[in-house]
Undergrad: 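Please find one structure pasted underneath; my questions will follow.
Chain identifiers are assigned alphabetically (A, B, ...) following the order of the sequence lines, protein sequences preceding nucleic acid strands; residue numbering begins at 1 within each chain. All heavy atoms count here, side chains included; hydrogens, waters and symmetry mates do not.
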Amino acid sequence: MKAQIQQLVSQALERLAADGALPAGRIPQPVIERTRDAAHGDFACNVAMVLAKVARCRPRDLAEKVVAALPDSRRVARVEIAGPGFINFFLAPEAYRELVPEILHQGHDFGRSRIGAGKRVQVEFVSANPTGPLHVGHGRGAAYGAAVADLLEAVGFEVHREYYVNDAGRQMDILATSVWLRYLGLCGETFSFPSNGYRGDYVLDIAATLHQEHGDDYRHSAAEVFADLPPDETPQQPDGDKEAHIDALIERARHLLGDIRYRYVFELGLNNILDDIREDLEEFGVCYEKWYSERSLVESGAVNKVVQRLRDSGHLYEKDGALWFRSTDYGDEKDRVVERDNGQTTYFASDIAYHADKLERGFERVIDVWGADHHGYVPRVKAALEALGDDPARLDVLLVQFANLYRQGRKVQMSTRSGSFVTLRELRQEVGRDAARFFYVMRKCEQHLDFDLDLAKSQSSDNPVYYVQYAHARVCSVLKQGAGKGFDLETSAGATNLEHLTEDHEQALLRTLSRYAEVVEAAALKEEPHQLTHYLRELANDFHTYYNAHQFLVDDRALRDARIKLILAVRQVLRNGLNLLGVSAPESM
RNA sequence: GCCCCUGUAGCUCAGCUGGAUAGAGCGUCCGCCUCCUAAGCGGAAGGUCACACGUUCGAAUCGUGUCAGGGGCGCCA
């Protein structure tokens with residue numbers, strides 16, 4: 001509808017240009033916006049003020065000319081000039097009414113568009129290290145990334161969702177070693193667990209599986225395992241080096257177990273945790289087209305190849321036995337290591353290879369959803385892409401701020417160290433999937449999120465999720481009631497009877513419904529799902545107000561038909577919107 | 001020290017590529033079920049848009065600076 005107004009104004013401007021009232025040449029695309037105040041009509045255009053200068057004409061005078069040049073449209077009831085030179089459009093009631101059959105006809109597809117048609121975009125999100133279960137911080141990235149992906153898909157992009165699995169590298173070795181040590185504990189060995197090891201219960205569970213299935217097969221004596229190791233760093237031994245200690249333990253594990261057995265423990269840990277993450281996300285309604293393994297990148301030689309490319313193009317140099325990438329050439333604040341002095345490529349090297357691969361796969365746009373703590377990482381990845389001759393502008397990194405949980409007005413303390421962190425699974429169990437998905441995307445991603453657990457659980461209008469879902473359930477309930485009363489609820493086809501929708505509440509509802517497609521488009525293109533949550537609340541509010549003010553199941557058949565069609569349209573839009581956010585639309589509550 | 005984010009009603013936040021009188025929810029106060037779910041609705045009070053300059057027809061929005069809060073800065077991932 002907005003686009004139609006825009007076209008009318010464009011035509012008027014062309015006419016004026018042809019008549020010489022406007023300088024020929026570049027005529028800007030006029031900006032049409034929704035009015036804030038109904039007294040200003042439905043849409044407003046500020047083009048007269050914008051062009052007043054080049055037209056050498058006062059804004060209001062120019063507005064007169066534009067209005068005079070506007071082609072007729074049956075959708076526009078009247079046009080007014082107001083304020084400093086706004087051109088206000090008042091739509092004909094029928095322009096809104098036509099929306100109802102359109103919504104009912106298009107159903108699930110209503111609000112979708114083809115703006116992104118033909119463009120492929122990749123969205124990588126969550127990508128948490130498989131060294132433990134997802135926590136509430138990952139949850140926000142999951143809900144946000146999934147919503148952005150679904151929104152982009154809704155406006156026509158071909159979306160590819162991906163989870164990058166950091167299954168190579170030192171952290172995974174630490175996990176494997178932690179599992180093995182816990183296993184030794186279960187075998188009856190006694191020793192002090194390394195301070196840098198993973199001490200979560202899930203490690204113990206995996207160790208128990210190993211013990212159950214293989215008994216003492218993987219057992220070595222603690223004395224043998226800990227012989228001649230550099231001392232750990234503990235409160236009792238502040239002089240120790242926890243990094244050196246754990247690295248030595250990893251080496252010892254490899255040595256004592258041998259490649260095959262070590263690999264077995266490693267895989268057991270990885271697979272257990274990855275399966276858990278997959279299941280967790282699936283239950284959260286988050287699915288991927290691909291789980292991309294870092295190890296596959298290392299093993300296929302892609303990492304070495306990309307390092308070689310950088311070396312050949314003169315972007316690398318050696319210092320202190322390590323290989324450095326001169327990222328400062330591209331605006332990074334310092335150079336970065338791609339290969340450590342022990343010959344191992346760094347996580348960063350894998351990441352370069354991964355991002356180069358993304359661009360090679362031909363995505364027009366590549367979106368990374370990262371935790372805000374990674375923001376320092378952005379310049380170096382972009383630098384690497386530029387050094388490789390790719391266009392870094394194709395990569396868009398969206399940084400998601402952390403989420404803080406609140407219970408009874410108090411911040412819930414979370415820390416990995418104390419082991420008291422809240423997992424995503426625990427959160428879902430406490431507040432439910434719908435509330436979690438909705439709450440996570442209520443704020444824009446760069447905003448710190450205060451997640452009120454009590455509110456998310458409350459079954460009242462204070463809780464925006466229940467409020468919106470309740471509107472949906474209420475429509476369903478009305479229909480059930482109608483059937484119970486023996487009303488004929490088969491609605492008429494097309495725009496029949498819709499002229500009976502004359503109440504202010506009905507007009508307001510139609511107006512809100514007409515905004516839906518615009519909201520979806522804006523939320524998608526700006527990567528701001530929170531716009532949709534706000535919209536859904538407004539729509540639900542309009543509906544609840546209408547519900548309280550008017551009876552739908554009236555005796556007048558034509559009026560009843562019109563009202564039922566309207567609330568069916570409301571239900572459809574609520575459903576479509578909730579669906580894009582991964583929130584269910586219950587039939588009853 | 002450097003970098004990123006944020007400062008709008010008592011609280012939590014919207015405010016679209018600058019636009020008309022600054023918006024919601026919660027909380028507070030006052031009302032509304034003989035009626036399709038009161039898990040709902042209506043009304044009232046509540047603001048120096050952190051502060052100062054600048055850009056222009058016009059600034060909460062853009063620019064610069066100041067102040068305040070949060071986060072990040074490793075041959076870790």
Undergrad: Report which part of the nucleic acid Asn541(A) touches: base, sugar-phosphate, or nothing (heavy-atom distance under 4.0 Å, all strands).
TA: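 It contacts sugar-phosphate atoms only.
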Undergrad: With a 4.0 Å cut-off on heavy atoms, is Ala473(A) in touch with a base, just the backbone sugar-phosphate, or nothing at all?
TA: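 If one applies the 4.0 Å heavy-atom cut-off, Ala473(A) turns out to touch a base.
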Undergrad: Between Asn541(A) and Tyr467(A), do the side chains contain a donor N or O and an acceptor N or O under 3.5 Å apart?
TA: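 Tyr467(A) vs Asn541(A): donor-acceptor pair found between side chains.
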Undergrad: Contact class for Thr131(A) vs. all strands (heavy atom < 4.0 Å): base, sugar-phosphate, or nothing?
TA: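 Result for Thr131(A) = nothing.
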Undergrad: Which one is paired to G42(B), where only Watson-Crick or G-U wobble pairs with both distances under 3.5 angstrom count?
TA: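 Answer to the pairing question: C30(B), which forms a Watson-Crick or G-U pair with G42(B).
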Undergrad: Name the orientation class of the two ring planes belonging to Tyr317(A) and Trp324(A) (parallel below 30°, tilted from 30 to 60°, perpendicular beyond 60°).
TA: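 Rings of Tyr317(A) and Trp324(A): parallel, as their planes differ by under 30°.
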Undergrad: Compare all side-chain heavy atoms of Val583(A) with those of Val468(A) and state whether any distance is below 4.5 angstrom.
TA: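 No, their side chains stay 4.5 Å or more apart.
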Undergrad: Syn if the chi torsion is within 90° of 0, anti otherwise; quick check, which is C33(B)?
TA: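 With its glycosidic angle within 90° of zero, C33(B) counts as syn.
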Undergrad: Considering just the side-chain nitrogens and oxygens of Lys334(A), establish if one lies under 4.0 Å of OP1 or OP2 belonging to C75(B).
TA: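 For C75(B), OP1/OP2 do have a side-chain N/O of Lys334(A) under 4.0 Å.
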Undergrad: Looking across every strand, which nucleic acid part, if any, lies under 4.0 Å from His374(A) by heavy atom: base, sugar-phosphate, or nothing?
TA: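 Since a base atom lies under 4.0 Å of His374(A), the category is base.
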Undergrad: Taking the C1' atom of each, how far is C75(B) from A14(B), in whole Å?
TA: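 Here C75(B) and A14(B) have their C1' atoms 45 Å from each other.
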Undergrad: Are any of Arg336(A)'s side-chain N or O atoms less than 4.0 Å away from OP1 or OP2 of A77(B)?
TA: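 No, Arg336(A) has no side-chain N/O under 4.0 Å of OP1/OP2 on A77(B).
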Undergrad: If I take atom CZ in residue Arg295(A) and atom P in nucleotide A77(B), what distance separates them, rounded to the nearest angstrom?
TA: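 Checked: the CZ to P distance equals 16 Å.
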Undergrad: May I ask you to say what Ala549(A) touches in the nucleic acid, namely base, sugar-phosphate or nothing, with a heavy-atom cut-off under 4.0 Å?
TA: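 No contact at all - Ala549(A) keeps every heavy atom at 4.0 Å or more from the nucleic acid.
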Undergrad: Once you apply a heavy-atom cut-off of 4.0 Å, does Phe487(A) come out as touching a base, just sugar-phosphate, or nothing?
TA: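 Contact class for Phe487(A): none.
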Undergrad: Which part of the nucleic acid, if any, lies within reach of Ala322(A) when heavy atoms closer than 4.0 Å are counted: base, sugar-phosphate only, or nothing?
TA: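 Base: the residue Ala322(A), judged by heavy atoms under 4.0 Å, touches a nucleobase.
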Undergrad: Which part of the nucleic acid does His375(A) contact within heavy-atom distance under 4.0 Å: base, sugar-phosphate only, or nothing?
TA: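 Result for His375(A) = base.
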Undergrad: Please tell me if Tyr467(A) has a side-chain N or O lying less than 4.0 Å from either OP1 or OP2 of C41(B).
TA: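 Affirmative; the distance criterion is met.
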Undergrad: To the side chain of Glu33(A), which of A38(B), A77(B), G19(B) is closest?
TA: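 Of the options given, the side chain of Glu33(A) lies nearest G19(B).
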Undergrad: His472(A) has an atom NE2; how far is it from atom C1' of U37(B), in whole Å?
TA: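 The distance from NE2 of His472(A) to C1' of U37(B) comes to 15 Å, rounded to the nearest Å.
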Undergrad: Write down the distance separating the C1' atoms in G47(B) and G15(B), rounded off to the nearest Å.
TA: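 So the two C1' atoms sit 15 Å from each other.
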Undergrad: Does OP1 or OP2 of A38(B) have a side-chain N or O of Tyr547(A) closer than 4.0 Å?
TA: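 For A38(B), OP1 or OP2 has a side-chain N or O of Tyr547(A) closer than 4.0 Å.
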Undergrad: Would you indicate which nucleotide in G19(B), C5(B), C36(B) comes nearest to any side-chain atom of Val478(A)?
TA: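 For the Val478(A) side chain, the nearest candidate turns out to be C36(B).
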Undergrad: Contact class for Thr545(A) vs. all strands (heavy atom < 4.0 Å): base, sugar-phosphate, or nothing?
TA: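 Answer is sugar-phosphate: Thr545(A) comes under 4.0 Å of backbone atoms only.
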Undergrad: Is the shortest side-chain N/O distance from Lys444(A) to OP1 or OP2 of C5(B) below 4.0 Å?
TA: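 So the side chain of Lys444(A) is outside the cut-off, no N or O lying under 4.0 Å from OP1 or OP2 of C5(B).
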Undergrad: Any salt bridge linking Lys358(A) with Asp368(A)? Criterion: basic side-chain nitrogen under 4.0 Å from a carboxylate oxygen.
TA: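 A salt bridge links Lys358(A) with Asp368(A).
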Undergrad: I'd like to check Arg437(A) versus Val441(A) (side-chain heavy atoms, cut-off strictly below 4.5 Å). Are they in contact?
TA: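 Contact flag for Arg437(A)/Val441(A) side chains = no.
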Undergrad: Between A77(B), A20(B), U17(B), spot the one nearest the side chain of Val31(A), thanks.
TA: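 Between A77(B), A20(B), U17(B), the one nearest the side chain of Val31(A) would be U17(B).
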Undergrad: May I ask you to verify if any side-chain N or O of Asn548(A) is less than 4.0 angstrom from the OP1 or OP2 atom of A38(B)?
TA: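 False: Asn548(A) side-chain N/O out of range (4.0 Å or more) of A38(B) OP1/OP2.
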Undergrad: Checking base pairs now: Watson-Crick or wobble, both atom distances under 3.5 Å. What partners C67(B)?
TA: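 Checking every strand shown, C67(B) finds its partner in G7(B), with both distances under 3.5 Å.
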Undergrad: Could you state the interatomic distance from CD (Glu299(A)) to OG (Ser293(A)), rounded to the nearest 0.5 Å?
TA: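 One gets 7.0 Å once the value is rounded to the nearest 0.5 Å.
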Undergrad: I want to verify a distance call: between C76(B), C5(B), C36(B), whose nearest atom is closest to the Leu553(A) side chain?
TA: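 Side chain of Leu553(A) sits closest to C36(B).
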Undergrad: Taking donor-acceptor contacts at under 3.5 Å, does the side chain of Asp173(A) reach the base of A77(B)?
TA: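 Flag unset: no donor-acceptor pair detected.
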Undergrad: Please check if any side-chain donor atom of Asp434(A) sits under 3.5 Å from a side-chain acceptor atom of Gln469(A), or the reverse.
TA: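 Yes, Gln469(A) and Asp434(A) have a side-chain donor paired with an acceptor closer than 3.5 Å.
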Undergrad: For C2(B), which nucleotide is its Watson-Crick or G-U wobble mate, given both distances must be under 3.5 Å?
TA: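 C2(B) is paired with G72(B).
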Undergrad: Give a yes/no on whether any side-chain N or O of Gln447(A) is located under 4.0 angstrom from OP1 or OP2 of A14(B).
TA: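 True: Gln447(A) side-chain N/O within range (under 4.0 Å) of A14(B) OP1/OP2.
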Undergrad: How is Ala82(A) classified with respect to the nucleic acid when contacts are heavy atoms under 4.0 Å: base, sugar-phosphate, or nothing?
TA: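 The residue Ala82(A) makes base contact.
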Undergrad: Side chain of Glu333(A) only, heavy atoms from C-beta on: which candidate in C2(B), C16(B), C36(B) is closest?
TA: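 Of all the options, the side chain of Glu333(A) is nearest to C2(B).
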Undergrad: Tell me: CG of Asp561(A) to P of C36(B), nearest whole Å?
TA: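 Interatomic distance, CG of Asp561(A) to P of C36(B): 22 Å.
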Undergrad: Would you say U37(B) has OP1 or OP2 under 4.0 Å from some side-chain N or O of Gln481(A)?
TA: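 Answer yes for this pair, as a side-chain N or O of Gln481(A) is under 4.0 Å from OP1 or OP2.
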Undergrad: Could you state the atom-to-atom distance from CG of Leu398(A) to P of C5(B) in whole Å?
TA: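 So the two atoms are 13 Å apart, to the nearest Å.
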Undergrad: If you assign Ile32(A) and His550(A) each to the RNA chain B nucleotide with the nearest heavy atom, which residue ends up on the more 5' nucleotide?
TA: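 Looking at the nearest nucleotide for each, Ile32(A) comes out on the 5' side.
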Undergrad: How would you label the contact of Asn129(A) with the nucleic acid (heavy atoms, under 4.0 Å): base, sugar-phosphate, or nothing?
TA: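 Sugar-phosphate, no base atom in range.
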Undergrad: Just how far, in rounded Å, is P of C13(B) from CG of Leu536(A)?
TA: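 In whole Å, C13(B) P lies 20 Å from Leu536(A) CG.
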Undergrad: How long is the line joining NE2 of His534(A) and C1' of C13(B), in whole Å?
TA: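 To the nearest whole Å, that distance equals 7 Å.
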Undergrad: Kindly say if Arg560(A) contacts the phosphate of C36(B), meaning a side-chain N or O under 4.0 Å from OP1 or OP2.
TA: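 So the side-chain polar atoms of Arg560(A) never come under 4.0 Å of the phosphate oxygens OP1 or OP2 of C36(B).
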Undergrad: Calculate the interatomic distance between Phe439(A) atom CZ and U12(B) atom C1'; express it in whole Å.
TA: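 That distance rounds to 11 Å.
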Undergrad: Please determine whether side-chain contact (heavy atoms from CB on, under 4.5 Å) holds for the pair Tyr164(A) and Glu294(A), giving the CA-CA distance in whole Å, both sets of side-chain angles, and the decisive distance to 0.1 Å.
TA: CA-CA 7 Å; Tyr164(A) 181 57; Glu294(A) 178 189 1; 3.3 Å; yes
Undergrad: Can you classify the ring geometry of Tyr547(A) versus Phe543(A) as parallel (below 30°), tilted (30 to 60°) or perpendicular (above 60°)?
TA: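 Rings of Tyr547(A) and Phe543(A): tilted, 30 to 60°.
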Undergrad: As a test of reading the structure: which of C13(B), C4(B), C26(B) is closest to the side chain of Asp462(A), going by heavy atoms?
TA: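 Between C13(B), C4(B), C26(B), the one nearest the side chain of Asp462(A) would be C26(B).
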Undergrad: Please classify the nucleic acid contact of Asp454(A) as base, sugar-phosphate, or nothing, using heavy-atom distances under 4.0 Å.
TA: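 Nothing, no heavy atom under 4.0 Å.
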Undergrad: Would you confirm whether the ring centroid of Tyr516(A) sits within less than 6.0 angstrom of the ring centroid of Tyr535(A)?
TA: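 Ring centres of Tyr516(A) and Tyr535(A) closer than 6.0 Å.
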Undergrad: By nearest atom, which of the nucleotides C16(B), C41(B), A77(B) is closest to the Lys526(A) side chain?
TA: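 Of the options given, the side chain of Lys526(A) lies nearest C16(B).
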Undergrad: Tell me which nucleotide among G69(B), U37(B), U12(B) gets nearest to the side chain of Asp450(A).
TA: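 Closest nucleotide among those given: U12(B).
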Undergrad: Check every strand shown and say whether Gln171(A) touches a base, only sugar-phosphate, or nothing at a heavy-atom separation below 4.0 Å.
TA: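 The answer is sugar-phosphate, as Gln171(A) gets under 4.0 Å only of primed atoms, P, OP1 or OP2.
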Undergrad: Want to settle it: does Lys485(A) or Tyr347(A) sit nearer the 5' end of RNA chain B, counting the closest nucleotide to each?
TA: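 Of the two residues, Lys485(A) wins.
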Undergrad: Tell me what Glu446(A) touches on the nucleic acid: a base, only sugar-phosphate, or nothing, going by heavy atoms under 4.0 Å.
TA: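 Since only primed, P, OP1 and OP2 atoms lie under 4.0 Å of Glu446(A), the category is sugar-phosphate.
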Undergrad: Nearest whole Å is fine: how far is C73(B) P from Trp370(A) CH2?
TA: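 Roughly 14 Å, once rounded to whole Å.
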Undergrad: Please give the nucleotide sitting opposite C57(B) as a Watson-Crick or G-U wobble pair, both distances under 3.5 Å, or none.
TA: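 The base-pairing partner of C57(B), which may sit in any strand shown, is G19(B).
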Undergrad: Does the aromatic ring of Phe86(A) sit over the six-membered base ring of A20(B), closer than 5.5 Å centre to centre and tilted less than 30°?
TA: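 Stacking between Phe86(A) and A20(B): present.
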Undergrad: Side chain of Arg380(A) only, please: which of A77(B), A39(B), G25(B) is the nearest?
TA: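 So the side chain of Arg380(A) is nearest to A77(B).
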